[in-house]
Structure formats: C-alpha cells, structure tokens
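Indexing begins at 1, ligand by ligand and atom by atom, following the structure's order.
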Amino acid sequence: MILVDRVQMQAIDRYAIEVLKVPALSLVERASMAVLKHINLNKFGYFGVVVGVGNNGADGLALARNLLARYKDVEIFIIGDVEKASPEFKLNLESCEMLCEEIYYVESIEDLENMEKRLSNVNLIVDAIFGTGLNRPVTGIYATVISIINNVMKYKISIDIPSGLDASTGQDLGEVVDADLIVTMQLMKTGLYEREAYKRKCVIEDIGIPQKAIDSVIYGLVN
Ligand SMILES: NC(=O)C1=CN([C@@H]2O[C@H](COP(=O)(O)OP(=O)(O)OC[C@H]3O[C@@H](n4cnc5c(N)ncnc54)[C@H](O)[C@@H]3O)[C@@H](O)[C@H]2O)[C@H](O)CC1
Ligand SMILES: [K+]
C-alpha cells in the first residue's frame, strides 16, 4: 500500500490539476460521490454537514448538494471566511443555496448554540472542516465546533481526514473529530495509517487522480 504525507498528497493534487489538467471540480465531485456511496440512504435521512472554507469544505458542500438532490434533509454549517474559498467551494455553495432554505454561518456564541441544537436532531454528521490542509493547532471557534460535533453523539463520517488530525504525523492538533468512518481520497495518509484507532475506520476511494501524478511525486518520474 502506498502511504503519503500531507505535503505529498497536496503535491499530487496540484500535479493532477495543474500539469495533467484534471479539473479540480471533477476531483471534488468524485470525492463527494465516494463518500455518498458509504451512506445507507434508506437508514439516514437527516444530515448535518459541517464545512470549513478549503477544498475539504468543497467536498462537503458537493456531498450536501448530492444529498439535497435526493430530497434528503440537510443542515449546512460553514465555519470561516467564504471570501477565501476556492471556485469549487463557491460553485457548490451557490447550488446548495438554491436547494436548501437556510445555510448557517457559524461565527458567534448564538451560532454555536444553534448548531449544537440542530446537530442534536440529525442522524448523521459529515465532517468537512479540515483535510490535508490542516497545518497548525486547532483553536478558537474551530475547536469549539469539533467538540460540539463530538459531544452530540451522532454517527460521524469524516471526509479525507478527521478534522483536527495531522495527516502526516497522526498527531492530534487539538480537538479531533471522533469519526465512525473516514473516507480518505485516493491514497492512505501516513497520519491515518500510523494510528490504529483511525486506520481501522478508514476506507480509501479512487477519485480519478492519474497514476502519473502519483508516480511523478512519489518516484520523481517526470516524462
Ligand atoms: N486539492 C484538490 O484539488 C483536491 C482536494 N480535495 C480535498 O481538499 C482537501 C485539501 O484542501 P485545502 O483547501 O488544501 O485545505 P483544507 O480544506 O484541508 O483546510 C482548509 C484551510 O484551513 C486553513 N487552516 C489550516 N489549519 C488551520 C487551523 N488550525 N485553523 C484554521 N484554519 C486552518 C488552511 O488555510 C487550509 O487551506 C483535501 O483534504 C480533500 O478533502 C479533494 O478531495 C480532491 C481534490
Ligand atoms: K475532514
């Protein structure tokens, strides 16, 4: 099994998009469908999707859109400044705005209380706050959001990496989402593999990153 750290994964993503011209939007869409296939839609009908403003969040919004497309109830919570978000994030956000009544921007204590109340009623929480982009300890409102997610005791799926975990070292960078299932994209990350508690909850899903991108970064094969 190939293992990559977060810097290698980011380089592979970049190579796929910038050199091999794989559309980032396709990778985000494939990531969302890779998570959807692990959700029993006959069992789960009311979702809380908690997103950061990076591409892990874009994956989460694309998943929310695919759930809304099936008339599932989805409560979306966004943490961070959407202005900083990627085009893939913004495109998926635009569609989610057309498909659901309200999207909650979590900034204040009241927003956190509202999120906690609503999450206590859902039956599945999607963690799309941080993935391979987490590069420093989780503090402030992000730490509070993660502890709320853990405290409401619902079935939790983390997209790519449980938010709060360092994808390279497996170190807890503060609060970490206590995921029941981790759907990691394309390759196993060293930080997940080295922690048995995470490794056994992990499934790896192909999202269409060309082997050439992987070989170019891992083996330095550029031709
Ligand atoms: N790159 C691609 O084409 C694909 C990526 N996929 C998914 O995207 C994430 C990686 O996305 P990225 O935007 O690099 O970062 P994150 O979304 O993980 O993080 C968001 C953002 O947060 C900032 N940040 C880092 N640490 C902290 C912190 N402690 N507190 C607050 N903010 C923090 C930092 O600026 C990050 O940019 C990857 O995991 C996949 O889920 C697609 O799946 C495939 C295509
Ligand atoms: K995540």
Side-chain angles (χ1 to χ4, degrees), residues 4-36 48-64 77-93 106-107 125-146 149-150 156-168 171-189 191-192 198 201-202 204-210 213-214 217:
V4 288
D5 66 23
R6 64 182 212 87
V7 173
Q8 288 172 312
M9 193 66 233
Q10 289 181 320
I12 290 166
D13 277 345
R14 233 182 355 266
Y15 191 94
I17 294 163
E18 293 170 8
V19 177
L20 303 181
K21 303 301 176 198
V22 177
L25 196 60
S26 323
L27 295 176
V28 168
E29 189 66 17
R30 288 281 300 270
S32 76
M33 298 308 282
V35 178
L36 186 65
V49 179
V50 186
V51 306
V53 290
N55 265 10
N56 195 245
D59 295 353
L61 288 178
L63 174 60
F77 303 91
I78 299 179
I79 301 96
D81 178 3
V82 172
E83 282 316 301
K84 286 197 260 180
S86 67
E88 298 79 47
F89 182 100
K90 290 175 180 169
L91 281 168
N92 279 290
L93 177 57
V106 183
E107 291 156 348
I125 294 176
V126 175
D127 155 32
I129 305 167
F130 298 125
T132 53
L134 182 70
N135 59 12
R136 56 188 188 275
V138 177
T139 57
I141 197 160
Y142 289 97
T144 309
V145 164
I146 292 174
I149 289 171
N150 286 338
K156 296 177 281 299
I157 298 180
S158 283
I159 297 184
D160 205 22
I161 310 288
S163 297
L165 188 79
D166 182 318
S168 296
Q171 190 197 350
D172 295 0
L173 289 176
E175 289 282 338
V176 181
V177 171
D178 181 19
D180 298 285
L181 173 67
I182 302 161
V183 183
T184 201
M185 306 307 160
Q186 202 70 44
L187 296 167
M188 177 56 88
K189 310 313 185 280
L192 294 169
Y198 295 115
K201 296 174 186 173
C202 240
I204 306 169
E205 289 290 348
D206 183 336
I207 60 168
I209 291 178
I214 298 166
V217 170

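- Considering all non-hydrogen atoms of both residues, A167 and I161 come closest at CB-CD1, 3.7 Å.
- Counting heavy atoms closer than 4.0 Å to ligand 1, residue I207 contributes side-chain atoms (C-beta onward) but none from N, CA, C or O.
- Checking side-chain atoms of K90 against main-chain N and O of E88 turns up no donor-acceptor pair under 3.5 Å.
- Ranking the protein heavy atoms by distance from atom 24 (N) of ligand 1 puts R136 NH1, 3.6 Å first.
- Counted by atom type alone, D5 and S168 present zero donor-acceptor pairs between their side chains at under 3.5 Å.
- For N92 (side chain) and L61 (main-chain N/O), no donor-acceptor pair under 3.5 Å exists by modelled atom type.
- Between the side chains of D127 and S163, a donor-acceptor pair is found at a separation under 3.5 Å.
- A donor-acceptor contact shorter than 3.5 Å links the side chain of Q10 to the backbone of T132.
- For Q10, every heavy-atom contact with ligand 1 shorter than 4.0 Å involves the side chain, none the backbone.
- The single protein non-hydrogen atom nearest to atom 18 (O) of ligand 1 is G131 N, 2.6 Å, given as residue, atom name and distance.
- Within the coordination shell of the K ion (ligand 2), defined by N, O or S atoms under 3.4 Å, I159 is present.
- For the pair T139 and ligand 1, the shortest N or O to N or O distance does not fall below 3.5 Å.
- When I125, L63, V183 are each tested for a side-chain contact (heavy atoms from CB on, under 4.5 Å) with I157, only one passes: V183.
- Qualifying ring-ring contact (aromatic ring centres under 6.0 Å, His included) partners for F77, counting only residues two or more places apart in sequence or in other chains: Y104.
- Near I17, with a cut-off below 4.0 Å to any heavy atom, the atoms of ligand 1 are 2 (C), 3 (O).
- Put simply, CG on N135 and CZ on R6 are 5.0 Å apart, with the number rounded to the nearest 0.5 Å.
- Atoms O of I161 and O of F130, as seen from the K ion (ligand 2), are separated by an angle of 80°, to the nearest 10°.
- If you number the atoms of ligand 1 from 1 as listed, the ones under 4.0 Å from a heavy atom of L27 come out as 44 (C), 45 (C).
- The protein heavy atom nearest to atom 20 (C) of ligand 1 is G54 CA, 3.7 Å.
- Results of the side-chain contact (heavy atoms from CB on, under 4.5 Å) test with I79 over V106, I146, V53 single out V106 as the only residue that passes.
- Each of the following atoms of ligand 1 lies closer than 4.0 Å to a heavy atom of A31: 43 (O).
- For atom 22 (O) of ligand 1, the closest non-hydrogen atom of the protein is F130 CE2, 3.6 Å.
- Counting the atoms of ligand 1 from 1 in the order shown, those under 4.0 Å from a heavy atom of M185 are 43 (O).
- N150 contributes a side-chain N or O that, together with a main-chain N or O of D178, makes up a donor-acceptor pair within less than 3.5 Å.
- In N135, the parts holding a heavy atom less than 4.0 Å from any atom of ligand 1 are both the side chain and the backbone.
- Checking D160 against the K ion (ligand 2), every N/O/S atom stays at or beyond the 3.4 Å cut-off.
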inquiry  = Would M185 and V35 count as a side-chain contact (heavy atoms from CB on, under 4.5 Å) here? Give the steps.
reply    = CA-CA 9 Å; M185 306 307 160; V35 178; 3.9 Å; yes
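- Contact detail for P162 and V177: the closest heavy-atom pair is CB-O, 3.5 Å.
- Remark: atom 35 (O) of ligand 1 lies closer than 4.0 Å to no protein heavy atom.
- The protein atom (non-hydrogen) at minimum distance from atom 12 (P) of ligand 1 is N55 N, 3.8 Å.
- Annotation for ligand 1: atoms under 4.0 Å from non-hydrogen atoms of Y142 are 31 (C).
- Among protein heavy atoms, atom 15 (O) of ligand 1 sits closest to G133 CA, 3.3 Å.
- A distance-only check finds no donor-acceptor pair linking the side chain of D166 to the backbone of G191 [under 3.5 Å].
- Taking distance alone, with nitrogen or oxygen atoms compared against 3.5 Å, P137 approaches ligand 1 more closely than that limit.
- In terms of protein heavy-atom proximity, atom 4 (C) of ligand 1 is nearest to D13 OD2, 3.5 Å.
- The OD1 atom of N56 and the OG atom of S163 meet at the K ion (ligand 2) at an angle of about 100°, given to 10°.
- From the protein, the heavy atom lying nearest to atom 43 (O) of ligand 1 is D59 OD2, 2.7 Å.
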